[in-house]
Amino acid sequence: MYERYTRQSLPSKNYRELIGTALCVFNSNNGFIIENILRVDTNGTYTGHQLIDEMSGKLKPIIKETITANSDSGIADLFEEIVGIRNRIIHSFQITAPAGMTDDPDNQMLATKHKNLGKQEFITEEYLLNFIKMNEELSTKLHKFRGY
């Protein structure tokens, strides 16, 4: 598929919408994690600016000493898993998939390689929808943790 703003081959609009949605729900939850860290950081150890500048994968110890210290490891564990999947999406590469794997007439989609495993995986619509659903679960946990 091509668009008027680029001559490069692109996956279908629906697929690109799912990628955009996946990134948006992750970004929303990343901000929600930071909000919850700041809410329970009664010592004022962290600032919003400091946490926003931190890579998501580096928030784990901060989540542990704030959110997990006031609940359980459920939020931290789920966020860590989501960050790993987000990294696979962000560090993906475009491919021409086998026929029938995508709704794109030119079979364009993304794939990812798992670090140190030598395993490649297609980023299917199901993969993206699962990621979006995991983010919904995290958002629900964060809302419950916040208490309102």
Side-chain angles (χ1 to χ4, degrees), residues 1-3 5-38 40-41 45-46 48-146:
M1 169 175 271
Y2 298 93
E3 295 290 351
Y5 48 82
T6 183
R7 294 185 309 172
Q8 292 181 277
S9 184
L10 299 170
S12 73
K13 282 185 181 280
N14 181 62
Y15 186 81
R16 287 181 281 143
E17 181 179 315
L18 286 174
I19 293 168
T21 300
L23 296 177
C24 286
V25 297
F26 175 83
N27 289 345
S28 176
N29 277 336
N30 196 70
F32 204 5
I33 286 278
I34 290 169
E35 175 189 323
N36 276 284
I37 289 170
L38 293 172
V40 297
D41 177 26
T45 307
Y46 303 102
H49 290 288
Q50 175 189 11
L51 295 173
I52 286 173
D53 287 345
E54 200 68 57
M55 288 189 292
S56 299
K58 303 281 184 176
L59 290 174
K60 185 178 181 177
I62 300 168
I63 294 168
K64 183 177 179 181
E65 71 182 57
T66 55
I67 295 173
T68 302
N70 289 281
S71 63
D72 60 30
S73 66
I75 290 172
D77 293 344
L78 183 55
F79 186 66
E80 183 177 20
E81 184 179 0
I82 286 171
V83 168
I85 296 168
R86 187 280 316 250
N87 289 347
R88 298 292 26 99
I89 295 168
I90 293 297
H91 299 291
S92 63
F93 47 91
Q94 191 163 320
I95 62 161
T96 301
M101 282 198 72
T102 175
D103 65 342
D104 182 62
D106 297 321
N107 299 312
Q108 295 298 295
M109 68 183 308
L110 301 177
T112 188
K113 181 183 168 290
H114 292 271
K115 252 183 173 177
N116 304 323
L117 297 178
K119 179 183 157 197
Q120 196 169 305
E121 182 176 11
F122 295 114
I123 297 179
T124 62
E125 287 186 20
E126 181 181 352
Y127 185 98
L128 294 168
L129 288 168
N130 184 54
F131 179 75
I132 292 164
K133 185 176 181 178
M134 289 174 74
N135 273 278
E136 181 68 24
E137 180 184 343
L138 178 60
S139 178
T140 299
K141 286 179 180 281
L142 289 166
H143 275 283
K144 285 180 183 173
F145 177 75
R146 182 176 65 180

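Counting from 1, the numbers follow the sequence of the chain as shown.
- Considering CD1 of Ile63 and CG of Asp77, their distance stands at 10.0 Å, rounded to 0.5 Å.
- When every heavy atom of Phe145 is checked against every heavy atom of Asn70, the shortest pair comes out as CE1-O, 3.8 Å.
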- Just do the side-chain contact (heavy atoms from CB on, under 4.5 Å) check on Val83 and Asn30 with the steps written out, would you? CA-CA 9 Å; Val83 168; Asn30 196 70; 5.8 Å; no
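- Between Ile89 and Ser92, the closest heavy-atom pair is O-OG, 2.7 Å.
- Interatomic distance, OG1 of Thr66 versus CG of Asp41, reported as 7.0 Å (0.5 Å rounding).
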- Message: Before you tell me yes or no, could you show the steps for Met109 and Thr124 under side-chain contact (heavy atoms from CB on, under 4.5 Å), namely the whole-Å CA-CA distance, both residues' side-chain angles and the distance that decides it to 0.1 Å?
- Response: CA-CA 8 Å; Met109 68 183 308; Thr124 62; 4.0 Å; yes
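- Gly100 approaches Asn107 most closely through the heavy-atom pair N-OD1, 4.0 Å.
- Considering only heavy atoms from C-beta on, Asp106 stays 4.5 Å or farther from Thr96 through its side chain.
- Judged by distance alone, with hydrogens and angles left aside, the side-chain atoms of Asn36 form a donor-acceptor pair with the main-chain N or O of Phe32 at under 3.5 Å.
- Between Glu80 and the choices Lys58, Lys64, Arg86, Lys60, the salt bridge (charged side-chain N to carboxylate O under 4.0 Å, His left out) rule is met once, by Lys60.
- Considering only residues two or more places apart in sequence or on other chains, Glu35 meets the salt bridge (charged side-chain N to carboxylate O under 4.0 Å, His left out) condition with Arg146.
- The shortest distance between side-chain heavy atoms of Phe79 and Ile67 does not fall below 4.5 Å.
- The main-chain N or O of His114 is never found under 3.5 Å from a side-chain atom of Arg88 such that the two would form a donor-acceptor pair.
- Counting only heavy atoms from C-beta outward, the side chains of Thr102 and Gln108 never approach each other to under 4.5 Å.
- Once rounded to the nearest 0.5 Å, the distance linking NZ of Lys141 with OG of Ser71 reads 9.0 Å.
- The CG atom of Leu18 lies 11.0 Å from the CG atom of Leu23; values are rounded to the nearest 0.5 Å.
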Determine all donor-acceptor pairs shorter than 3.5 Å in which one atom belongs to a side chain in residues 127-138; sequence neighbours excluded.
unit_1	atom_1	unit_2	atom_2	d
Asn135	OD1	Asn29	ND2	2.9
Asn135	ND2	Phe131	O	3.0

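- Annotation: Lys113, atom NZ; neighbour count of heavy atoms from other residues, nucleotides and ligands within 6.0 Å is above 12.
- The side-chain heavy atoms of Tyr46 and Glu65, taken from C-beta on, include a pair separated by under 4.5 Å.
- Side-chain contact between Gln120 and Phe93: present, with at least one pair of heavy atoms (C-beta onward) separated by less than 4.5 Å.
- Atom OG1 of Thr45 sits about 9.5 Å away from atom CD1 of Ile62, to the nearest 0.5 Å.
- Taking the side chain as every heavy atom from C-beta outward, Asn14 and Glu125 approach each other to under 4.5 Å.
- Looking only at distances, no side-chain donor or acceptor of Glu3 sits under 3.5 Å from a matching main-chain atom of Lys13.
- Atoms CD1 and CD1, from Ile33 and Ile82 in turn, are 8.5 Å apart once rounded to the nearest 0.5 Å.
- Residue Glu17 qualifies as open at atom CD: its count of foreign heavy atoms under 6.0 Å is 12 or below.
- Of all the heavy atoms in Pro11 and Arg16, the pair that sits closest is O-NE, 2.9 Å.
- With a 4.5 Å cut-off on side-chain heavy atoms, Ile75 and Thr68 do not count as touching.
- A heavy-atom distance below 4.5 Å is not found between the side chains of Tyr15 and Asp104.
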